S.K.: 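Can you read through this structure? Questions will come right after.
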Amino acid sequence: MTSRVLALAASASLLLSGCALARLYHEPLPPEAEVLQARTDDGWNIALIHYRPAGPPTGLPVLLCHGISANGRNMDLDAQHSLARWFAARGREAFAMSLRGNGGSDYADEKAGRSPAYSMDTYATQDVPAALRKVREVTGAAQVDYVGHSMGGLIGYIYLARGGQGFHAATFLGSPTRFAWGRDLERRLRDAGGVLGGHLTTVDVPLLANVTAPIHGDVRTYADTVLYNPDNVPAPLWKKFMSTGVGSISGAVLQQFTLWLEKDAMVSADGAIDYYPALAKVTTPVLVVAGKLDRTAPVAGVKSGYDALGGPKRFFVAGEQNGFRYDYGHMDLVIGDRASVELWPRVLAFFEASR
């Protein structure tokens, strides 16, 4: 065999073994989870993991939206690390959505073809409205409480800035609206986004995550350093997330993020709309939360969204300074070991106080 053939065989063996090992960490959905489909106006089916409330409903349904390179399982990882199940256990009907291209959300008619050029604007104008229609259909509720993590919060900002209706109150976790802080991370993201977004329609992050499954959380990489605090997210939990909650990234989304980094502005994919000034007209109550140790979405970048909002609002930092056991990183906000006792009750309290 030639050296090239040997290299290809070794690569294939690594790929297969990595994917096989990833299945050891994958967390299946529980029997009570119901997977629904919401049709968008442009022909996509958006998957929602639905949990009925324990006992009589105590409030409005809750719609949960994940961040970039994730899927709906980001908000519903397992029994101890599921914001969706946590809300359901407290009387709220919960829906964890997967944005198009991830977590079972796909084009309804593959024979007709589909456009891969979907941006964050598309998520806000197509996917969120479709999810809201489905929630109304299932529950009869005219409004929802919304929780967005990272990009899910940015989509919430865009939705509200464009005059979107249907959010009774919203919480945005680790969602920055300013992006240029002179850090090496911004340069890395800008360079990677420009190269990948300009040449690929989709970045298959789950494949890479599965191949490297055996070392997740055990061998600290640059990505690990900026994504979570190991005091809050132990290695076995991180392996589970990387095998269950990771999603692909649209090249158009990467290009839009690159544009934001270049302009230090939250603008539409075509650059025509600056969403930041429009936030001053938002009247929906919004809770904005930053992780003290969040290197992906630094406190100042997250607080900038709070500063821009015009309606009832609240901001706090998840960290030791506010009674948390540890300072929170980016992913800690939704899968951290203590988020269910330290953070999520504050989100629920904000929703209850906004009634």
Side-chain angles (χ1 to χ4, degrees), residues 22 24-27 64 66-71 73-87 89 96 147-153 171-176 181 183-186 188-189 205 208-209 212-246 287-303 315-350:
L24 297 175
Y25 308 113
H26 181 81
E27 179 75 15
L64 310 167
H66 61 82
I68 193 170
S69 189
N71 61 50
R73 297 300 304 277
N74 186 173
M75 315 295 268
D76 181 34
L77 189 55
D78 61 24
Q80 289 74 43
H81 307 90
S82 169
L83 187 50
R85 288 178 237 181
W86 187 89
F87 271 115
V147 181
H149 174 245
S150 193
M151 185 181 71
T171 295
F172 302 146
L173 305 170
S175 303
W181 305 99
R183 302 177 303 163
D184 180 59
L185 176 60
E186 280 110 48
R188 290 173 182 251
L189 292 175
V205 181
L208 177 62
T212 56
I215 66 169
H216 288 315
D218 295 325
V219 178
R220 293 283 285 172
T221 66
Y222 181 81
D224 293 316
T225 301
V226 300
L227 286 176
Y228 64 96
N229 178 358
D231 288 334
N232 286 328
V233 182
L237 179 59
W238 189 244
K239 292 178 192 291
K240 184 181 292 186
F241 166 71
M242 294 296 282
S243 301
T244 307
V246 173
L287 169 64
V288 179
V289 181
K292 178 65 175 181
L293 201 63
D294 193 336
R295 298 183 177 91
T296 301
V299 172
V302 174
K303 188 175 183 296
F315 171 80
F316 72 83
V317 177
E320 295 178 15
Q321 69 192 63
N322 285 320
F324 294 76
R325 179 173 294 182
Y326 303 109
D327 289 338
Y328 276 50
H330 193 61
M331 296 302 300
D332 311 15
L333 299 166
V334 286
I335 65 169
D337 265 351
R338 295 185 55 79
S340 63
V341 295
E342 294 180 330
L343 173 58
W344 302 346
R346 303 190 188 201
V347 175
L348 178 58
F350 176 78

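Here the structure is a predicted model, which means the values were calculated and not measured. We number each residue from 1, following the sequence as shown.
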S.K.: By the definition side-chain contact (heavy atoms from CB on, under 4.5 Å), identify the one residue from V233, T296, D332 that meets it with L227.
M.R.: T296

S.K.: Taking only residues two or more places apart in sequence or in another chain, which ones pass side-chain hydrogen bond (donor to acceptor under 3.5 Å, both in side chains) with N71?
M.R.: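 Here no residue qualifies.
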
S.K.: Can you give me the closest heavy-atom contact between R346 and N322, atom names plus distance?
M.R.: NH2-O, 2.8 Å

S.K.: If I take atom CG from residue L343 and atom CG from residue N232, how far apart are they, to the nearest 0.5 angstrom?
M.R.: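 It comes to 10.5 Å.
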
S.K.: Would you please name every residue forming a side-chain contact (heavy atoms from CB on, under 4.5 Å) with I68, sequence neighbours left out?
M.R.: M151, I249, V253, F257

S.K.: Could you measure the distance from the CE atom of M331 to the NE2 atom of H81? Nearest 0.5 Å is fine.
M.R.: 12.0 Å

S.K.: Just verifying a value: how many Å separate N229 CG and Y326 OH, rounded to the nearest 0.5 Å?
M.R.: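 Reported value, rounded in 0.5 Å steps: 8.5 Å.
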
S.K.: Write down the atom of P176, the atom of G174, and the distance for their closest heavy-atom approach.
M.R.: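 What the structure gives for the nearest pair is CD-O, 3.5 Å.
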
S.K.: Applying ring pair (Phe, Tyr, Trp, His ring centres under 6.0 Å), can you list everything that pairs with F315, at least two apart in sequence or on another chain?
M.R.: Y306

S.K.: Excluding sequence neighbours, so at least two apart, what forms ring pair (Phe, Tyr, Trp, His ring centres under 6.0 Å) with Y328?
M.R.: F324

S.K.: Using 0.5 Å steps for rounding, measure from the CG atom of L173 to the CH2 atom of W344.
M.R.: 10.0 Å

S.K.: If the condition is salt bridge (charged side-chain N to carboxylate O under 4.0 Å, His left out), which residues does R338 pass it with, not counting sequence neighbours?
M.R.: E342

S.K.: Where do A339 and P345 come nearest, in terms of heavy atoms and distance?
M.R.: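 Nearest heavy atoms, A339 then P345: O-CD, 4.0 Å.
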
S.K.: One pair to check against side-chain contact (heavy atoms from CB on, under 4.5 Å): T244 and Y25. What are the steps and the verdict?
M.R.: CA-CA 8 Å; T244 307; Y25 308 113; over 6 Å; no

S.K.: Quick one: list whatever passes side-chain contact (heavy atoms from CB on, under 4.5 Å) with P234, sequence neighbours left out.
M.R.: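 In terms of side-chain contact (heavy atoms from CB on, under 4.5 Å), with neighbours along the sequence ignored, P234 is linked to P236, L237, D337.
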
S.K.: Test side-chain contact (heavy atoms from CB on, under 4.5 Å) on E27 and R73; report intermediate values, then the result.
M.R.: CA-CA 9 Å; E27 179 75 15; R73 297 300 304 277; 3.6 Å; yes

S.K.: If you take all heavy atoms of G67 and S150, which pair is closest and at what distance?
M.R.: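 Result for this residue pair: CA-CB, 4.1 Å.
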
S.K.: So L287 and F316, do their side chains get closer than 4.5 Å, heavy atoms only?
M.R.: yes

S.K.: What residues, two or more places apart in sequence or in another chain, satisfy side-chain contact (heavy atoms from CB on, under 4.5 Å) together with L208?
M.R.: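 Testing L208 for side-chain contact (heavy atoms from CB on, under 4.5 Å), a comparison that skips the adjacent residues, returns T212.
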
S.K.: List for me each residue that meets ring pair (Phe, Tyr, Trp, His ring centres under 6.0 Å) alongside H330, sequence neighbours excluded, and say none if there are none.
M.R.: H149

S.K.: What pairs of residues pass the salt bridge (charged side-chain N to carboxylate O under 4.0 Å, His left out) test when at least one of them lies in residues 74-87, not counting sequence neighbours?
M.R.: D76-R85, D78-K240

S.K.: Which atoms form the tightest heavy-atom contact between F172 and G153, and what is the distance?
M.R.: CD2-CA, 3.6 Å

S.K.: Could you pull out the closest heavy-atom pair between A318 and L333, with the gap in Å?
M.R.: CB-CD2, 4.0 Å

S.K.: List for me each residue that meets side-chain hydrogen bond (donor to acceptor under 3.5 Å, both in side chains) alongside D218, sequence neighbours excluded, and say none if there are none.
M.R.: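 side-chain hydrogen bond (donor to acceptor under 3.5 Å, both in side chains) check on D218 returns K239.
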
S.K.: Does the pair V299 and D294 meet the rule for a side-chain contact (heavy atoms from CB on, under 4.5 Å), with working shown?
M.R.: CA-CA 7 Å; V299 172; D294 193 336; over 6 Å; no

S.K.: Of all residues at least two apart in sequence or in a different chain, which pass the side-chain contact (heavy atoms from CB on, under 4.5 Å) check with D224?
M.R.: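 With sequence neighbours excluded, D224 shows a side-chain contact (heavy atoms from CB on, under 4.5 Å) to R220, T221, Y228, W238, given in chain and number order.
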
S.K.: Measuring from N74:CG to S82:OG, what's the distance to the nearest 0.5 Å?
M.R.: 10.5 Å

